[in-house]
Number of protein chains: 2
Amino acid sequence: MQNSEALGLTAALLAVAGELTQRIHDGVVARGFEGRPAYGFAFTRLAPDGATVTELARHLGVTKQGASQLVEELVAKGYVERRPHPRDARARLVVLTERGWACTRAAEEAAAEVVEGWSGALGGEAEVRALREQLARIAPCGPIRPAW
Amino acid sequence: MQNSEALGLTAALLAVAGELTQRIHDGVVARGFEGRPAYGFAFTRLAPDGATVTELARHLGVTKQGASQLVEELVAKGYVERRPHPRDARARLVVLTERGWACTRAAEEAAAEVVEGWSGALGGEAEVRALREQLARIAPCGPIRPAW
DNA sequence: AGTAGATGGTCAAGCAGCTTGACTATATGA
DNA sequence: TCATATAGTCAAGCTGCTTGACCATCTACT
């Protein structure tokens, strides 16, 4: 593998990632939600049972102050709410509201639309699944950098 | 393909893209260059024969003022220089300096290092090449959003 | 129990990197 | 030749993050 090929792979990967981000965002907006792409990253961490600001910060790869400001924004727009933490009086659990869940579903739909388009380019759904599995193998488990 | 699977693919793709961006940046810094990831995007457009500020802006998906500021930064750090455009007295051609080329090569090396690690996770270089080809098929030809 | 240090969260100020708006110089076409 | 479009820059403003300071609470050690 020559170095220039690695750069070609990098360019393709980042172009696809950028395009995907943009189109999911557009799709979410088209479904009546406002926001910026960073919301999506936050939602994936908050989705199951909520999370604290500090956990969210680690997930996003930003400071806890940055995460706190994002949560403030999400609260103002009605996507999440802060609740007292059941086992730690210092902490507050940030959980999705019904509207937050609806926005998450909208993002899923938008993502599915884009990915469906990839089926055509790649030859079928099996290829898309294969792509997903390959990416999952090399995906890091660390913090997600807000790359959109 | 269920919607949630599309979101899983999205998460994996963006995680890989973020990780790759970070590690290329780290590798470039380790080789003695300073800068931010956006430089890499610019270099890929400037590399062959240079480009005007407006062309660069379209490539990066930012305003021409934003691109102009980035070029100013690159000039100050010695990575590029502005030359009169051969056929348009309004325009100026931004071209890489020798240091700019050296930085590009450093980025290639860093990218190759990361991609080499993927060979292990995927089973071999053939799989990496296949991944690259799949991504190239679905990569957009439009402007690259500065996702790092 | 009492206390020192670690940790969760917020407020405030600052900064980087982008935007919009206004402007000049040059090109293009009726 | 003049009207309009385009390349580029300067200036000001905004957004989303950072660093620094601080309080409340938890944890562990004495």
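The chains referred to below are lettered A, B, ... by the order of the sequence lines, with proteins before strands, and numbering in each begins at 1.
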| request: Describe, as an angle rounded to 10 degrees, how the axis at the first end of the helix from C:dA1-D:dT30 to C:dA30-D:dT1 is tilted relative to the axis at the last end, five pairs per end. | output: 20°

| said: Distance check needed: C:dT19 P versus B:L60 CG, whole Å only. | reply: 10 Å

| Over how many whole Å does the gap from B:F41 atom CZ to C:dC18 atom P extend? | 12 Å

| Partners passing side chain to side chain donor-acceptor pair (under 3.5 Å) against B:E113 (at least two apart in sequence or in another chain) | B:R31

Which donor-acceptor pairs under 3.5 Å do side chains of residues 85-94 of chain B form with protein atoms, sequence neighbours excluded?
| unit_1 | atom_1 | unit_2 | atom_2 | d |
| --- | --- | --- | --- | --- |
| B:H85 | ND1 | B:R87 | N | 3.1 |
| B:H85 | ND1 | B:D88 | N | 3.3 |
| B:D88 | OD1 | B:R90 | N | 3.0 |
| B:D88 | OD1 | B:R90 | NE | 3.2 |
| B:D88 | OD2 | B:R90 | NH2 | 3.0 |

| said: Whole angstroms only, please: what is the NE2-C1' distance between A:H85 and D:dC26? | reply: 12 Å

| request: Please identify each residue that fulfils side chain to side chain donor-acceptor pair (under 3.5 Å) with A:E98, with sequence neighbours left out. | output: A:R105

| message | Any side-chain to backbone donor/acceptor pair from B:H25 onto B:G35? Under 3.5 Å, distance only. | response | yes

| task | Just grab all the side chain to side chain donor-acceptor pair (under 3.5 Å) pairs involving residues 67-76 of chain A, residues at least two apart or on different chains. | result | A:R36-A:E73, A:Y39-A:E73, A:E72-A:R82

| query | Sequence neighbours excluded, which residues qualify as side-chain contact (heavy atoms from CB on, under 4.5 Å) partners of A:R23? | reply | A:E19, A:V114

| said: Holding to side-chain contact (heavy atoms from CB on, under 4.5 Å), I want the full list of residues that pass it with B:Q65, two or more places apart in sequence or in another chain. | reply: B:T63

| Taking protein heavy atoms under 4.0 Å as touching, what does nucleotides 6-17 of chain C look like 5' to 3' if B marks base contact, S marks sugar-phosphate-only contact and - marks none? | BBBBBB-----S

| remark: Those residues at least two apart in sequence (or on a different chain) that pass salt bridge (charged side-chain N to carboxylate O under 4.0 Å, His left out) with B:D26 are none

